[in-house]
Amino acid sequence: MKKTRNGIVIGGSLAASLLLPVLIQNNYNQILLNQTIVYIMVALGLNFTMGLSGSFDFSVAAVFGLGSYTTALLTTRLGINPWIGVAAAVCMGALVGLVLGVPSLRLRGIYFVLATLGFLEIVRQLLSNMTWLTGGTNGVANIPPLEIFGISLKNAKVFYYVALAFLLVGIGIAYRIISSKWGRTLIAVKDNEVAVDGCGIDKASFKIKAYMIGSCFTAFAGALNAHLFQFVHPADFTFDFTVKFIMMLMLGGLGTIPGCIVGGMIVTLLPEALKFLGEYYWLAFSILMLVMMMFVPYGFVSIPGLLRKRMKRIEGRRGNG
């Protein structure tokens, strides 16, 4: 019964995803959908470091920015094929994940948070001040769009379907990793490091791999974003940008893949839906987020479980009555 219900939900969600571009005629809304897919990819990456390994990582914007700039510079300065630029961005993500993963073995709590914040600010300053390479505050423009089988992804609808395909592959990889022995070990490291040490497991290797995989997801999303908008600017990769993705995980459901998807959709699309409130739309969004966190602390994906528990309690009271 449960498998059937899950199959219906997955099938319905996939069908809706495929039909959305057909129903949307406004180009702005189509680009917003494309950005939502990119952001969900970032949330999947952050879920490896925050949701599974249990480390509060504030360097997301830096990794996203490095992925964007890697493909932007390679394609505009050297004329390299955009897909090779995207592959280089993923390699950059793996390298950055390694750099961030090593300190996570020695730093805990607020000290690691400060280290990732420092890394974020260092990257932002370098992107802003290395004008000879990055263009500084002028950013990098005229980034060529991606192409597949001779079809340009400059068309927002075409980009959507290709990005959706990548997202589905990413979700499949994430599910495979989490359900594997490696994923279960990583969750155990988050829950009880002392017990893991007692079992003789090399937790250092697991945590570093988690950072590398998560950073690859984030850098890949950054590269897609660069080719989507064909422009990158250092001012886009700030602390506020990082907080957006942390909100996605917390609202959707930390440590869960459906939580990444739901959270990514809420944080990206809800502010746009509230823009009819004018200059108060961001205030309304913030209040809604606060209320959600108060009443649904484990994210939206926990709502069905909470409802089932409540129904069982009601049925139990009726039975006792």
Side-chain angles (χ1 to χ4, degrees), residues 9-47 60 64-65 67-68 70-72 75 81-87 89-90 93 141-175 216-233 236 241 244-245 247-249 251-252 257-275 300:
V9 172
I10 293 172
S13 300
L14 182 58
S17 300
L18 294 173
L19 287 173
L20 272 175
V22 179
L23 302 175
I24 293 175
Q25 301 300 323
N26 186 297
N27 192 59
Y28 174 79
N29 290 334
Q30 182 60 61
I31 292 175
L32 188 62
L33 280 180
N34 294 348
Q35 195 169 46
T36 302
I37 291 177
V38 171
Y39 285 174
I40 292 173
M41 186 75 72
V42 179
L44 286 173
L46 183 59
N47 193 50
V60 181
F64 189 89
S68 297
T70 297
T71 189
T75 53
N81 183 284
W83 286 112
I84 297 178
V86 171
V90 174
N142 301 317
I143 301 171
L146 294 167
E147 290 187 3
I148 185 166
F149 303 122
I151 302 172
S152 173
L153 271 61
K154 189 174 182 178
N155 182 291
K157 292 185 185 296
V158 177
F159 183 96
Y160 173 86
Y161 285 113
V162 174
L164 180 63
F166 279 121
L167 177 61
L168 293 175
V169 172
I171 291 172
I173 292 172
Y175 264 119
C216 285
F217 271 78
T218 303
F220 177 73
L224 287 182
N225 195 70
H227 290 288
L228 170 63
F229 292 102
Q230 299 179 271
F231 178 75
V232 292
H233 192 279
D236 296 332
F241 191 70
K244 178 184 291 186
F245 296 108
M247 288 174 59
M248 290 178 189
L249 288 189
L251 288 170
I257 293 175
C260 297
I261 300 169
V262 174
M265 293 174 63
I266 291 173
V267 176
T268 307
L269 300 177
L270 185 57
E272 295 294 326
L274 295 173
K275 279 193 173 179
F300 273 80

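On a predicted model such as this, the values are computed, not experimentally measured, just so you know.
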Taking only residues two or more places apart in sequence or in another chain, which ones pass ring pair (Phe, Tyr, Trp, His ring centres under 6.0 Å) with Y175? none
Rounded to the nearest 0.5 Å, what separates atom CG in L168 from atom CD1 in I173? 11.0 Å
Within-4.5 Å side-chain heavy-atom neighbours: L146 and V162: no
What heavy-atom pair brings P145 and P82 nearest, and what distance separates the two atoms? O-CG, 3.9 Å
Which atom names give the shortest non-hydrogen contact between A72 and V232, and what distance separates them? CB-CG2, 4.0 Å
Closest approach of C260 and N47, non-hydrogen atoms and distance? SG-CB, 3.6 Å
Could you walk me through whether I40 and T268 pass the side chain to side chain contact (heavy atoms under 4.5 Å, CB included) check? CA-CA 9 Å; I40 292 173; T268 307; over 6 Å; no
Is there any side chain to side chain donor-acceptor pair (under 3.5 Å) pair reaching into residues 153-172, and which pairs are they, with sequence neighbours excluded? none
By the side chain to side chain donor-acceptor pair (under 3.5 Å) test, which pairs, at least two apart or in different chains, include something from residues 27-40? Y28-E272, Q30-N34, Q35-Y39
Show me the side-chain donor-acceptor pairs of residues 220-230 shorter than 3.5 Å, one per line, residues at least two apart or across chains.
{"from": "H227", "atom 1": "ND1", "to": "P144", "atom 2": "O", "distance (Å)": "2.7"}
{"from": "H227", "atom 1": "NE2", "to": "T71", "atom 2": "OG1", "distance (Å)": "2.7"}
{"from": "Q230", "atom 1": "NE2", "to": "I143", "atom 2": "O", "distance (Å)": "3.0"}

Answer whether the closest heavy-atom distance between the side chains of L46 and T218 falls below 4.5 Å. no
With rounding to the nearest 0.5 angstrom, report the CE to CD1 distance, M41 to I171. 8.0 Å
Has N26 got more than 12 heavy atoms of other residues, nucleotides or ligands less than 6.0 Å from its CG? yes
Quick check: do L44 and L167 have side-chain heavy atoms less than 4.5 Å from each other? yes
